[in-house]
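Step one of this worksheet: look at the structure below.
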Amino acid sequence: QVQLVESGGGLVQAGGSLRLSCTASGRTAGNYAMGWFRQAPGKEREFVAAVTWSGGNTFYLDSVKGRFTISRDSAKNTVYLQMNSLKPEDTAVYYCARGRGIRSAAGYEYWGQGTQVTVSS
């Protein structure tokens with residue numbers, strides 16, 4: 001089993017920054033991707049960014065390119081999402097996930113509990 005624990009959410013003004021962290025425990029060996037998804041009230045869960053654990057290849061939602069950066073620290077089994085130039089439309093619950101889906105939520109097997117990000121205008 002794999003457990004994912006997110007942290008780092010909060011309230012920030014538009015234009016500000018936040019860094020989300022997601023630490024994995026349990027069975028951490030293997031070939032997989034770590035992804036961040038978000039879900040705003042009344043909307044479907046949306047892919048934000050992903051990184052392949054072994055090769056470090058990164059993938060982004062078009063609307064966050066140039067503002068968000070995903071990275072991983074293998075020694076700490078942790079993936080980060082640095083979010084800069086935040087906009088009110090980035091407000092959502094952000095979820096960390098592990099699997100092989102890259103952009104598809106259906107391809108992720110393990111999910112964290114979510115962390116709230118609120119961007120005020």
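- Between the E6 side chain and the G114 main chain, a donor and an acceptor come within less than 3.5 Å of each other.
- Minimum heavy-atom separation, G99 to Y108: N-CD2, 3.4 Å.
- Between Q116 and T91 there is a side-chain heavy-atom pair separated by less than 4.5 Å.
- Nearest heavy-atom pair across A92 and A40 is CB-N, 3.8 Å.
- Under a 3.5 Å cut-off, the side chain of R100 and the backbone N or O of N31 do form a donor-acceptor pair.
- Here the side chains of R38 and V64 are in contact, with some heavy-atom distance below 4.5 Å.
- To the nearest 0.5 Å, the span separating OG1 on T58 from CZ on F68 amounts to 14.5 Å.
- Within the 4.5 Å cutoff, the side chain of W111 has no heavy atoms near those of the C96 side chain.
- Rounded to the nearest 0.5 angstrom, R72 CZ and S54 OG are separated by 7.5 Å.
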Run the salt bridge (Lys or Arg N to Asp or Glu O under 4.0 Å) test on K87 and D90 for me, step by step, so that the C-alpha distance in whole Å, both residues' side-chain angles and the decisive distance to 0.1 Å come before the verdict. CA-CA 5 Å; K87 303 176 181 180; D90 294 318; over 6 Å; no
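- Note: I70 CD1 to Q82 CD = 12.0 Å, rounded to the nearest 0.5 Å.
- The shortest non-hydrogen separation linking A14 to S121 is CB-CA, 4.4 Å.
- M83 and Y80 are assigned to two separate hydrophobic clusters, defined by single-linkage of ILVMFWY side chains at heavy-atom distances under 4.5 Å.
- Remark: D73 engages no residue in a side chain to side chain donor-acceptor pair (under 3.5 Å) (not counting sequence neighbours).
- Distance check, rounded to the nearest 0.5 Å: CD1 of I102 to CZ of F47 gives 7.5 Å.
- A heavy-atom distance below 4.5 Å is found between the side chains of M34 and L4.
- In this structure, R45 is not positioned above the aromatic face of F37 in the sense of NZ or CZ being under 6.0 Å from the six-membered ring centre and within 45° of the axis.
- The aromatic rings of W53 and Y32 lie parallel to each other, their planes meeting at an angle below 30°, with 60° marking the opposite boundary.
- Side chain of T52 to backbone of N57: a donor-acceptor contact under 3.5 angstrom is found.
- Side-chain N or O atoms of R103 include one that pairs as donor or acceptor with a backbone N or O of Y60 at under 3.5 Å.
- From W36, atom CH2 reaches atom CG of L20 across 4.5 Å, with rounding to the nearest 0.5 Å.
- Across every non-hydrogen atom of L81 and A49, the tightest pair is CD1-CB, 4.1 Å.
- To the nearest 0.5 Å, atoms CD (E46) and OH (Y95) are separated by 13.5 Å.
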Going through the checks in order, is the side-chain hydrogen bond (donor to acceptor under 3.5 Å, both in side chains) test met by N77 and T23? CA-CA 6 Å; N77 291 322; T23 300; over 6 Å; no
